[in-house]
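The block underneath contains the structure these notes are about, expressed in structure tokens.
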Amino acid sequence: MSSRSENGPDPRRYSRVVVDGVEQAPSRAMLRAVGFTDDDFTKPQVGIASTWSMVTPCNMHIDELAREAAQGADTAGGKSLLFNTITVSDGISMGTAGMRYSLVSREVIADSIEAVVAAEGFDGFVTIGGCDKNMPGCAMAMARLNRPSVFVYGGTIQPGPGNSDVVTVFEAVGRHAAGTLGDEGLTDVERTAIPGPGSCAGMYTANTMASALEALGLSLGNSSAQEAVSPAKRDDSRRAGEAVVRLIEAGITPSDILSKEAFENAIATVIALGGSTNAVLHLLAVAHDARVDLELDDFTRVGARVPVLADLRPSGRHMMSELIRIGGIQPLMKTLLDAGLLHGDCLTVTGRTLAENLASVRPYPGDQEIVRDLDDPLKADSHLAVLYGNLAPEGAVAKISGREGTRFEGAARVFHSEEEGLRAILDGIVTAGDVVLIRYEGPKGGPGMREMLSPTGAIIGRGLGDSVALLTDGRFSGGSHGFVVGHITPEAAVGGPIAIVEDGDRIVVDAGSRSIDLLVPQDEIDRRLRNWTRPPARAERGLLAKYARLVSSASYGAVTDV
């Protein structure tokens with residue numbers, strides 16, 4: 001429910017409980033110590049949730065953006081209060097046990113923002129995210145709290161020499177293992193591929209989620225398509241602070257914005273951009289917190305009519321910085337809107353509808369080669385394929401651009417962890433025609449549902465990208481490409497069929513028929529399932545153990561409050 005009432009919205013609906021009246025003198029005394037004046041107690045309080053830290057280049061500059069947002073809120077008549085939440089780096093923890101904390105951090109971030117905003121009585125807030133999990137974490141908190149709020153994307157990194165980026169480094173490791181890149185070449189890539197602040201440079205998870213959140217209506221126009229170090233990004237942050245004060249005054253909350261149609265807009269935009277499979281997981285989670293009925297099959301339904309238009313990495317040729325130079329994602333969204341592929345009447349944080357926001361957007365330059373016309377798509381329907389079959393009765397998510405084919409059949413090579421699978425790929429044990437199956441990496445089994453960028457990067461680097469498939473109950477980085485299927489449910493740790501696959505079993509994945517099947521007689525599958533025993537938990541105490549107890553299936557967004 002929004003904060004409107006018959007007498008109009010109360011801009012101090014939450015903060016007045018904290019600071020008004022004689023009995024709240026202690027609260028005011030505390031706030032005076034952090035800079036409040038008498039006048040500030042009459043203003044709506046605006047929290048600025050910053051994900052700044054020096055643990056990753058994605059977020060190392062966000063302290064500056066947070067100060068800009070605070071200034072915008074103050075200038076517009078609010079009183080800003082800046083606070084921090086955590087982030088962890090996928091790129092740094094990738095391929096290690098630390099990556100188990102990545103998806104878990106999404107919940108920690110959402111929980112921590114909820115805790116601060118609700119405890120302190122903020123009337124509205126700005127969230128600023130710059131890495132894969134803190135963006136959906138920010139959006140989940142916005143949906144839960146349902147207070148006027150705006151999301152700001154920290155912005156994309158500038159690429160390294162030769163349009164190199166973090167995925168270049170992962171694939172260089174595979175080339176080194178294959179003997180096609182020497183020690184000096186690998187070191188050169190390592191030293192130059194990531195030149196400064198900002199999120200990974202292709203249409204990987206960060207840029208995918210930033211685009212999805214803009215299409216949802218939670219950020220200002222083109223917030224998703226600005227470089228991290230740029231005047232445009234600083235201006236975006238400042239305007240977000242101003243915008244949230246206007247939302248407070250108008251009584252507009254996320255529940256006014258996050259409709260089923262808004263999520264369909266986000267799905268359509270992600271598909272047209274060729275975005276990450278992680279968008280499926282995260283949009284399901286945001287919808288859960290927004291109490292919107294979004295299901296796996298909605299991605300299939302929307303995807304049947306939306307083509308892939310953007311030739312962006314990892315499957316394509318271009319970087320986010322190149323898309324920014326020709327206008328960002330708004331001309332693409334305008335194209336989709338004009339074709340009836342977006343719902344233009346959805347409200348956004350500007351206080352206007354999506355159609356009103358896009359009304360004056362100009363088309364891309366005629367000579368650009370990054371975004372195709374609707375009548376000349378890269379792929380006529382979605383690259384995100386939701387698959388079902390006896391290997392994934394509750395669904396799996398594949399990223400099939402079409403360049404790697406739409407059908408793969410091969411013999412399983414089974415591994416019980418990402419490390420085992422990666423070692424076999426680097427050592428040359430995995431060969432053309434294999435289906436690499438990595439299990440016990442799901443939300444409960446990992447715990448934490450690690451991304452598989454190290455194995456997929458190694459497969460590409462060894463030149464096996466078009467001859468090896470990788471299947472897992474874990475998930476994939478937005479930088480992964482090749483014939484990959486993740487989110488296989490039920491996961492191995494709860495006794496899903498993926499748990500009983502044996503080396504040499506034939507598996508067939510067919511994106512055309514949206515099927516994924518183990519070519520083993522059903523009575524043999526049943527026998528194996530009866531004899532299966534759950535392996536010991538990998539975490540018995542602490543955050544991972546708690547997460548494993550609480551987390552739901554990946555097909556429901558891997559949320560923890562069901």
Side-chain angles (χ1 to χ4, degrees), residues 56-62 64-65 89-91 128-132 135 152-172 189-215 219-237 269-270 272-276 279 308-335 361-372 378 453 477-481:
T56 172
C58 307
N59 294 61
M60 62 188 288
H61 62 299
I62 285 179
E64 178 184 354
L65 303 184
S89 171
D90 290 3
I128 310 175
C131 195
D132 295 7
M135 287 187 282
V152 175
Y153 177 41
T156 192
I157 196 172
Q158 296 175 347
N163 264 3
S164 57
D165 64 359
V166 66
V167 175
T168 308
V169 188
F170 279 98
E171 293 179 1
V189 172
E190 173 192 327
R191 286 174 172 165
T192 61
I194 305 173
S199 299
C200 300
M203 189 48 65
Y204 312 146
T205 302
N207 284 317
T208 296
M209 285 311 301
S211 302
L213 295 182
E214 180 176 332
S219 60
L220 301 178
N222 258 346
S223 181
S224 67
Q226 295 159 344
E227 290 186 336
V229 181
S230 67
K233 182 46 64 185
R234 293 193 295 274
D235 180 63
D236 176 49
S237 304
T269 302
V270 167
L273 289 167
S276 167
V308 179
L309 300 178
D311 188 9
L312 296 169
R313 290 192 183 182
S315 299
R317 297 176 295 163
H318 298 282
M319 297 289 210
M320 190 65 179
S321 57
E322 296 174 272
L323 181 63
I324 290 169
R325 285 197 289 273
I326 65 168
I329 75 166
Q330 289 212 308
L332 179 144
M333 291 176 65
K334 182 68 165 13
T335 297
V361 171
R362 298 174 62 84
Y364 291 119
D367 59 349
Q368 62 86 25
E369 298 180 345
I370 302 172
V371 180
R372 298 279 193 92
L378 288 162
L453 182 54
S477 163
S480 293
H481 59 115

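Since we're looking at a predicted model, the values are computed, not measured.
Residues Asp235 and Gln226 have side chains that never bring a donor and an acceptor to within less than 3.5 angstrom of each other.
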Any chance you could lay out the side chain to side chain contact (heavy atoms under 4.5 Å, CB included) test for Arg313 and Glu322, step after step, and finish with the verdict? CA-CA 11 Å; Arg313 290 192 183 182; Glu322 296 174 272; over 6 Å; no
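The two residues Pro197 and His61 make their nearest non-hydrogen contact at CB-ND1, 3.8 Å. Smallest separation of non-hydrogen atoms from Tyr153 and Ser199: OH-CB, 3.2 Å. For the pair Gly130 and Cys58, the tightest heavy-atom approach, listed with the atom from each and the gap, is O-CB, 3.1 Å. Contact detail for Cys131 and Asn59: the closest heavy-atom pair is CB-OD1, 3.4 Å. Contact record, Gly478 with Ser276: CA-OG, 3.4 Å, taken as the closest heavy-atom pair. Residues Leu332 and Ala272 approach most closely at CD2-CB, 3.8 Å, considering heavy atoms.
Atom OG of Ser477 is separated from atom CG of Asp132 by 6.5 Å, given to the nearest 0.5 angstrom. Annotation: the span from Ile324 atom CD1 to Ser230 atom OG amounts to 7.5 Å, rounded to 0.5 Å. Taking CD1 from Ile128 and CE from Met135, the interatomic distance works out to 13.0 Å, rounded to the nearest 0.5 Å.
Checking side-chain atoms of Asn207 against main-chain N and O of Cys200 turns up a donor-acceptor pair under 3.5 Å. In this structure, the side chain of Lys233 does not engage the main chain of Ala225 through any donor-acceptor pair within 3.5 Å. Side-chain atoms of Tyr364 come within 3.5 Å of backbone atoms of Gly328 as a donor-acceptor pair (strictly under, hydrogens ignored).
Under the side chain to side chain contact (heavy atoms under 4.5 Å, CB included) criterion, Ile329 pairs with Ser211, Glu214, Ser224, Thr269, Leu273, Met320, Leu323, Met333, not counting sequence neighbours. With sequence neighbours excluded, the residues forming a side chain to side chain contact (heavy atoms under 4.5 Å, CB included) with Arg317 are Asp311, Glu369, listed by chain and number. Residues forming a side chain to side chain contact (heavy atoms under 4.5 Å, CB included) with Ala201 (at least two apart in sequence, or on another chain): Ile157, Asp165, Met319. Partners of Glu190 by side chain to side chain contact (heavy atoms under 4.5 Å, CB included), not counting sequence neighbours: none found. Applying the side-chain hydrogen bond (donor to acceptor under 3.5 Å, both in side chains) test to Glu64 and every residue at least two apart in sequence or in another chain returns nothing.
Put simply, the side chain of Pro57 reaches to within 4.5 Å of the side chain of Met60, judged on heavy atoms.
His318 pairs with exactly one of Ile326, Leu312, Asn163, Val371 by the side-chain contact (heavy atoms from CB on, under 4.5 Å) rule, that one being Leu312.
Within the structure, salt bridge (charged side-chain N to carboxylate O under 4.0 Å, His left out) pairs that include any residue of residues 323-334 comprise Lys334-Asp338 (at least two apart or interchain).
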